[in-house]
Asks: 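I am attaching a structure below and will ask some questions about it afterwards.
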Amino acid sequence: MENREKWMRVRIRLIGFCFILAFGFIVARAFQLQVVGQDLWAEKAVRQHQKTIALTPQRGTIFDRNGESMAVSVEVDSVYIEPNKVSATSRTAKALAEVLSMKRSVVKAKLQAKKSFIWLKRQVTPRESELIRALDIEGVRFIKEHRRYYPNSEIGAQVIGFTGLDPKGLEGLELEYDNLMLGRGGYLVMGRDALGRGLLNSSDDQIQAGEKGRDLYMTLDKNLQYIAEKELARAVSESNAKSGTAVVLDPRTGEVLAMSSQPDYNPNAFFKHRPGDWRNRALCDSFEPGSTIKVFLMAAALNEGVINRRQKINCENGSIEVSGKIVHDHRPYSLLTPSEIIKFSSNIGAYKIGRALDRNRYYNYLRDFGFGQKTEIGLPGEVSGLIHQPTRWFDVDLAAISFGQGLTVTPLQLATATAAIANGGYLMAPYVVEKIVDSYGQVTMKQQPRIRRKVISSEVADQVRDMMVRVTEKGGTGMLGAVPGYRVAGKTGTAQKVDPVTGGYSVDKSVSSFVGFVPADDPRLVILVLIDEPQGKAYGGLVAAPVFSRIANQSLRYLKVMPTEKATVPVLNTIADLIEAPIQPPIYDIRVSGVEMPQMPDFFGMSYRQVMQVMQKSGLNIKLKGTGRVIAQSPDPGRPISYGNEIWVKLAPAS
């Protein structure tokens, strides 16, 4: 009995200890929840009775170099509804739909939604906001948000870009600097009961403000940008071209003063334009530069000492065979100096200089001038262009690359490389953002001019500059690029585009360009103009050079650069003075008994229209059989055409 009582006491004490231990745990847990974690759980309790709606943040402003606003965030009304407080009648839905230009069915579905909050339409116009307020519908409320607005519409659109409704940057600088300009968004906080029903009566004291993003200052000048866009649009329209590009640089610093592409678009209504119109062609498109590349070939050869300014180079009277291919000049030349080769744009002279320079050294200079690599300007979508390794160059490739075929460059690369010649041989890094300023007015980033490398000596740069000046003087291919009162250094370029169907050069599609700087003796502006697929006379000296002249003339007056020369314009004797022939199917090449015989072009892969155009240019009477693309011809390509024999091509639809 005594042992049993003893065991009972032990059990009672054990159970009591367990109760004490459990009670201690409960007390400790209660202390942790109610004292230590009080703030955390109080916040969670509040969140159970609140609904948070994120509002669009206020993006930073984009300015031009003079402080002119190019992209701003303006405060606008957004409309939301509390469906449980709105009378979801057809009459209400109709009234709202008419004011907001929405479908009645969409509005009615939102009115009938089983939610305490739903957006009706965000970022409405002031007129829409006024009309909705006049309806005075219970449960329809307003809140202020920020909408991106571009006060200058199309001016600088491809550089600046645009944003979505979020507003996240989608193109241009808006995309590249999105994280810096986006800012921190505010919140709309509305109460709700246990059933999720909205308790909000007024949103005025329920908004938590955000923080404005950083401001961005560009190197672009709004007025120079307008000049470039106006003249480029005029040229593209007059030549009925596919597109166009213009770039204006300060060669001393690398600052981009203007960068224009056509077709353009209005970023305030970007969705109404084709995505191709959003593209910044100056750095997203590459092309074969044509004769503009001869400037850099000449600079490399002079810098290496393989030629000198006074020597004479035999240009073979306009025709030379290279690895079975015929290289032509647009007119026969015999002996030309390097300066005359640039002035008259001789393909044969360029080839002989390229051969003397050697392919490896030529390739290295092209790379040093910035071709085949991105400029790292700080804009999205930039491409590097294409230059094959010199180990893949045959003699005919060296010839083609010497006069601008067989490699691709971007307009920005070409303008930057030209700026190196204008700047005494120093290649500057181009940039389009001058500085970034935070919401407190502190400069957080400032871009400084940066020399990438010295490519050629200052003496050689001066020599090439003088050669380029002769291009715009009487007898040069760029006479129409002259600017009254100023010496202009420039170079024309005309390059046929590759036909994606045939894989060869197109008969009727070309790229016309002109690049130069002014004043030649103290360069303030480097200007490049490129016109893609102009119709009619598509030579750089005829199409692009006049655009250069107009942009330069107006820009120099705007910058108050005083004239240095007597205001005269070179007299144009004939249109032929401005013509430099791009690569084309050789028609007159083979000579028989001293008489020049016509040669059969290579028609394989051409369309019916392209064959007709070749016929019109060559004067040949060719019989066409079938439709589609050329699959057979007689005589064979390159064979002489005997008078009296039938000439025909056979076409068939693509399989």
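Sequence positions, counted from 1, serve as the residue numbers for this chain.
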Asks: Are Arg65 and Glu255 within salt-bridge range, i.e. N to O under 4.0 Å?
Replies: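 The answer is yes: the pair qualifies as a salt bridge.
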Asks: So, are Glu174 and Arg59 salt-bridged, with charged N and O less than 4.0 Å apart?
Replies: yes
Asks: Looking at Tyr363, Tyr362, Phe296, which one forms a ring pair (Phe, Tyr, Trp, His ring centres under 6.0 Å) with Phe369?
Replies: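 Filter result, single survivor: Phe296.
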Asks: Please tell me if the side chains of Leu249 and Thr416 come closer than 4.5 Å, counting only heavy atoms from C-beta onward.
Replies: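 Result yes, sub-4.5 Å side-chain heavy-atom pair found.
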Asks: Going by ring-ring contact (aromatic ring centres under 6.0 Å, His included), name the pairs with one or both residues in residues 435-492, residues two or more places apart or in two chains.
Replies: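 For residues 435-492: none.
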Asks: Considering only heavy atoms from C-beta outward, does the side chain of Val236 approach that of Lys242 to under 4.5 Å?
Replies: no
Asks: So does Lys121 pair up with Glu128, basic N to acidic O under 4.0 Å?
Replies: yes
Asks: With a 4.0 Å cut-off, would you call Asp250 and Arg524 a salt bridge?
Replies: no
Asks: I'd like a table of donor-acceptor pairs (distance under 3.5 Å, sequence neighbours excluded) in which one partner is a side-chain atom from residues 541-555, with atom names and distances.
Replies:
unit_1, atom_1, unit_2, atom_2, d
Ser549, OG, Ala482, O, 2.7
Arg550, NE, Glu231, OE1, 2.6
Gln554, OE1, Lys230, NZ, 2.8
Gln554, NE2, Glu231, OE2, 2.8
Gln554, NE2, Arg550, O, 3.2
Ser555, OG, Ile551, O, 2.7

Asks: Using 30° and 60° as the class boundaries, would you call the ring planes of Phe162 and Tyr265 parallel, tilted or perpendicular?
Replies: perpendicular
Asks: Verify, without hydrogens or angle tests, whether Asp438 (side chain) and Arg214 (backbone) share a donor-acceptor contact under 3.5 angstrom.
Replies: no
Asks: Please, which pairs that meet ring-ring contact (aromatic ring centres under 6.0 Å, His included) have at least one residue in residues 228-263, sequence neighbours excluded?
Replies: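 As it turns out, there is no ring-ring contact (aromatic ring centres under 6.0 Å, His included) pair with a partner in residues 228-263 once direct neighbours are skipped.
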Asks: Side-chain contact, heavy-atom cut-off 4.5 Å: Glu434 with Lys446?
Replies: yes
